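Keep in mind that this is a model prediction, so the values were computed, not measured. So you know, we letter chains A, B, ... as the sequences are listed, proteins then strands, and number each from 1.
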Amino acid sequence: MSETLADWAEARPVTIEGRTKAHVKTRSPVTGEGPVLAGVLIAIAVIFLLLFLVLPLAVVFYEAFAKGVGAYFSALSTPDARSAIWLTLTVAAIAVPLNILFGLAAAWAIAKFRFPGKSFLITLIDLPFSVSPVVAGLIYVLLFGAQGLLGPWLKAHDIEIIFAVPGIVLATVFVTFPFVARELIALMEDQGTGDEEVALSLGATGFTAFLRVTLPNIKWALLYGVLLCNARAMGEFGAVSVVSGHIRGKTNTMPLHVEILYNEYNVAAAFAVASLLALLALVTLVLKTVLESRFGDELPGKSRRH
Amino acid sequence: MSLVSQRNSILPGFGLTLGYTLLYLGAIVLLPLAALVLRASSLGLSGIWQIAMEPRTFAALRTSFSLALAAAGINVVFGGIVAWVLSRYEFPGRRLLDAAVDLPFALPTAVAGIALAAIYAPNGWIGVWLAPLGWKIAYTPLGIVVALVFIGLPFIVRTVQPVIAELNLDLEEASATLGATRYQTLSRVILPTLTPALLTGFALAFARGVGEYGSVIFVAGNLPYVSEIAPLLIIVKLEEFNYAGATAIATVMLGASFFILLAINLIQAWSRRRLGYV
């Protein structure tokens, strides 16, 4: 309808072929801003995004190589940097699978069955997103720290959680808790239970139905959730900072190592380690964009928040 | 769909998966949060109030809340424009910029923090141009606002974008044919429809900003009473083994985030009633 309006008005011919209809429609003069206002709006948006998003990213890579390629690689190969990279990979390798398992279980229970208190349960699952990372670290210190509720018991049994790797894993699991679950819950609620029922009626066991029917149905949403979960797990700073104790070579993750180097005025080295994390963010964004554009139909709803 | 899922008994695994969900949720989220609540309850409301009103703590809470509010406000304006432009216009680099909006979600906060410091420090990329004018951004409360704008931007854009995509163009055409100028259509037809999404995005960005730590501490300067944020003060108190102080601040912040969560739910309920969608 608006295309005919545009043809009729003929102020600006609609020339964008093959675009989505929204874009064609906006070229219709009555539902778009005038050329001056449009130009100003685009300029504001582009400058704002360049200033706040692109510039910081460019700075990271520029500063990382500011002292040359040799300095860059030697900053990444110090024992402390290596152990930080190793610890970050280890923590993500534990935390992400834990949250995948939880996400699958929670989505199966919530999306495939009806029970009272379901929406309250979903709210609780989303809770870690609304808690400050520092508070997330603090609650584990209050529980497991030397003066914490379970502190004396843990000390008596010689178990270290706070200022040790288990604490870092726990804090990371907490802050990445909802990522996989919320993607899967939203998608599986849309998909209903029809496919699985067919599988069962054809003689499949419940587990086979899950493996051969449910999993292929949700694989892209699962990957999407894992991607976001992993990015946050490797990059988490606040929560991990509280529970880690910053013991070099032992409980230092990559983001914490960045902080230590930076505070020692070893800026180029800090940015070198930071550039690895920025690279991870870029890869995450690219994969995320590919997933959204190619498998958008197999991902839940459009409104995304984290 | 609801009819199908009502037939509970056909699919197996309900007990197992729900049991595991509750166990894991309890162990990772609820039990540790209960530890905080337990600590807080031993302080009592008056105890928490007393600690929160100590000048340094109060200043930190005020800094965190007021600057998060300011940053969310800036983001509503610019994030709103960004969402509008990204959804309504076609220009070179649009898809790239659209993908870049999620950068603050993906970029570790510490990396963002040192990058912003390198830009806005007095000898930084932009700071060096502002210094002769007497403007200082990094190591002042302004630096905190910049960091929080960075962190909060995707919340607004990603909340508003889907609503813009769903806008009914017929309404805009009707408004135009009835003689409204474009400005009138924007302010009287489009803006009211976008308001719930803008408010939700504002609340999300605000909530995230209040609790943000990593990106802020590198550009804040962290001067007590001036540019010290509440999450940092929690860490300071912890390092002093002042568990009561840390607990009190955390409780206030947790209470605030519950309140914001409630506000978001109310906004969405209101929007659903008024406009029929979220």
Side-chain angles (χ1 to χ4, degrees), chain A residues 2 23 25-26 30-31 33 41-42 44-45 48-49 52-53 56 59-60 63 102 105-106 108-109 112-114 124 127-128 130 132-135 138-140 142-143 147 149 173-174 192-193 196-197 206 231 235 237-238 255 258-259 262 270 274 277-278 281 284-285 289 302-306, chain B residues 1 4-6 8 10-14 17-18 20-21 24 28-29 32-33 35-36 39 78 81-82 85 88-91 97 99-100 102-103 105-112 114-116 118-119 150 158 162 169 172-173 176 182 204 207 211 213-214 231 234 243 246 250 253-254 257 261:
Chain A
S2 54
H23 289 299
K25 277 186 176 176
T26 56
V30 289
T31 56
E33 290 80 31
L41 286 178
I42 292 177
I44 291 175
F48 187 78
L49 291 179
F52 274 90
L53 300 182
V59 164
V60 172
E63 297 283 342
F102 163 72
W108 183 266
K112 304 291 184 193
F113 300 93
R114 293 198 126 193
L124 286 181
L127 197 59
S130 30
S132 167
V134 171
V135 176
L138 172 72
I139 58 179
Y140 289 104
L142 293 180
L143 194 58
Q147 299 185 41
L149 286 176
V173 168
F174 182 95
T193 54
E196 287 80 4
E197 280 161 2
F237 178 71
V258 169
E259 183 197 22
Y262 190 82
L277 290 166
T284 304
L285 279 190
T289 311
K302 283 164 247 146
S303 154
R304 313 201 157 276
R305 319 186 217 112
H306 307 283
Chain B
M1 185 203 112
V4 176
S5 51
Q6 249 169 351
N8 266 345
I10 296 180
L11 295 182
F14 178 64
T17 51
L18 186 67
Y20 181 72
T21 301
Y24 189 76
I28 300 290
V29 179
L33 279 175
L36 177 72
R39 276 269 179 177
F78 287 97
I81 294 176
V82 166
V85 167
R88 281 296 178 100
Y89 293 103
E90 193 59 55
F91 54 91
L97 285 177
D102 283 327
L103 183 71
F105 286 152
L107 194 69
T109 52
V111 178
I114 62 169
L116 291 173
I119 296 171
F150 173 83
R158 293 301 186 229
L169 282 165
E172 289 172 50
E173 282 163 4
R182 185 62 187 161
L204 288 169
Y213 173 72
I234 291 180
Y243 283 54
M253 292 180 59
L254 209 60
S257 46
L261 212 62

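Checking side-chain atoms of Ser257(B) against main-chain N and O of Ser130(A) turns up a donor-acceptor pair under 3.5 Å. Tyr140(A) places a side-chain N or O within donor-acceptor distance of the main-chain N or O of Ile28(B), the cut-off being under 3.5 Å.
Put simply, NZ on Lys112(A) and CG on Leu18(B) are 15.5 Å apart, with the number rounded to the nearest 0.5 Å. In this structure, the separation between CD1 on Ile42(A) and CG on Leu97(B) is 11.0 Å, given to the nearest 0.5 Å. Expressed to the nearest 0.5 Å, how far CG of Leu127(A) lies from CG of Leu261(B) amounts to 7.5 Å.
Considering every non-hydrogen atom in both Leu142(A) and Tyr243(B), the closest pair reads CD2-CD2, 3.6 Å. Of all non-hydrogen atoms in Ser132(A) and Gly211(B), the two that sit nearest each other are OG-O, 2.7 Å. When all heavy atoms of Ala109(A) and Thr17(B) are compared, the closest pair comes out as CB-OG1, 3.4 Å. Closest heavy-atom contact between Pro231(B) and Val134(A): O-CG1, 3.5 Å. Annotation for Tyr20(B) and Phe102(A): closest pair CE2-CA, 3.8 Å, computed over non-hydrogen atoms. Residue Glu197(A) comes nearest to Leu11(B) through the heavy atom pair N-CD2, 4.2 Å, listed as atom of the first residue, atom of the second, then distance.
The parts of Val82(B) that come within reach of chain A are both its backbone and its side chain, each placing non-hydrogen atoms under 4.5 angstrom from that chain. For Leu107(B), the parts sitting under 4.5 Å from any heavy atom of chain A are the backbone and the side chain alike. At a 4.5 Å heavy-atom cutoff, the contact between Leu53(A) and chain B is made by backbone and side-chain atoms alike. When heavy atoms are compared at a cutoff of 4.5 Å, Ile44(A) approaches chain B solely by way of its side chain, counted from C-beta outward. Residue contact with chain B, scored on non-hydrogen atoms closer than 4.5 Å, involves the backbone and the side chain of Phe52(A) alike. Interface remark: Ala207(B) contributes no atoms to any contact with chain A (heavy atom separation under 4.5 Å). Both the backbone and the side chain of Pro56(A) come within less than 4.5 Å of a heavy atom of chain B. For Phe174(A), the parts lying under 4.5 angstrom from a heavy atom of chain B are both the backbone and the side chain. When heavy atoms are compared at a cutoff of 4.5 Å, Leu116(B) approaches chain A solely by way of its side chain, counted from C-beta outward. Proximity to chain B is limited to the side chain of Glu63(A), based on heavy atoms less than 4.5 angstrom apart. Heavy atoms closer than 4.5 Å to chain A are found in both the backbone and the side chain of Ala99(B).
Using the six-membered ring where Trp is involved, Phe237(A) and Tyr213(B) have ring planes that are parallel, under 30° apart on the 30 and 60° scheme.
Between Phe48(A) and Ile81(B), every side-chain heavy-atom pair lies at or beyond the 4.5 Å cut-off. Two residues are said to be in side-chain contact when any heavy atoms from C-beta on lie closer than 4.5 Å; Leu36(B) and Leu138(A) meet this criterion.
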Could you walk me through whether Ile234(B) and Val135(A) pass side-chain contact (heavy atoms from CB on, under 4.5 Å), step by step? CA-CA 8 Å; Ile234(B) 291 180; Val135(A) 176; 4.0 Å; yes
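Interface check for chain B: of the options Gly206(A), Ala105(A), Ala278(A), Ala45(A), the most heavy-atom pairs under 4.5 Å are formed by Ala105(A).
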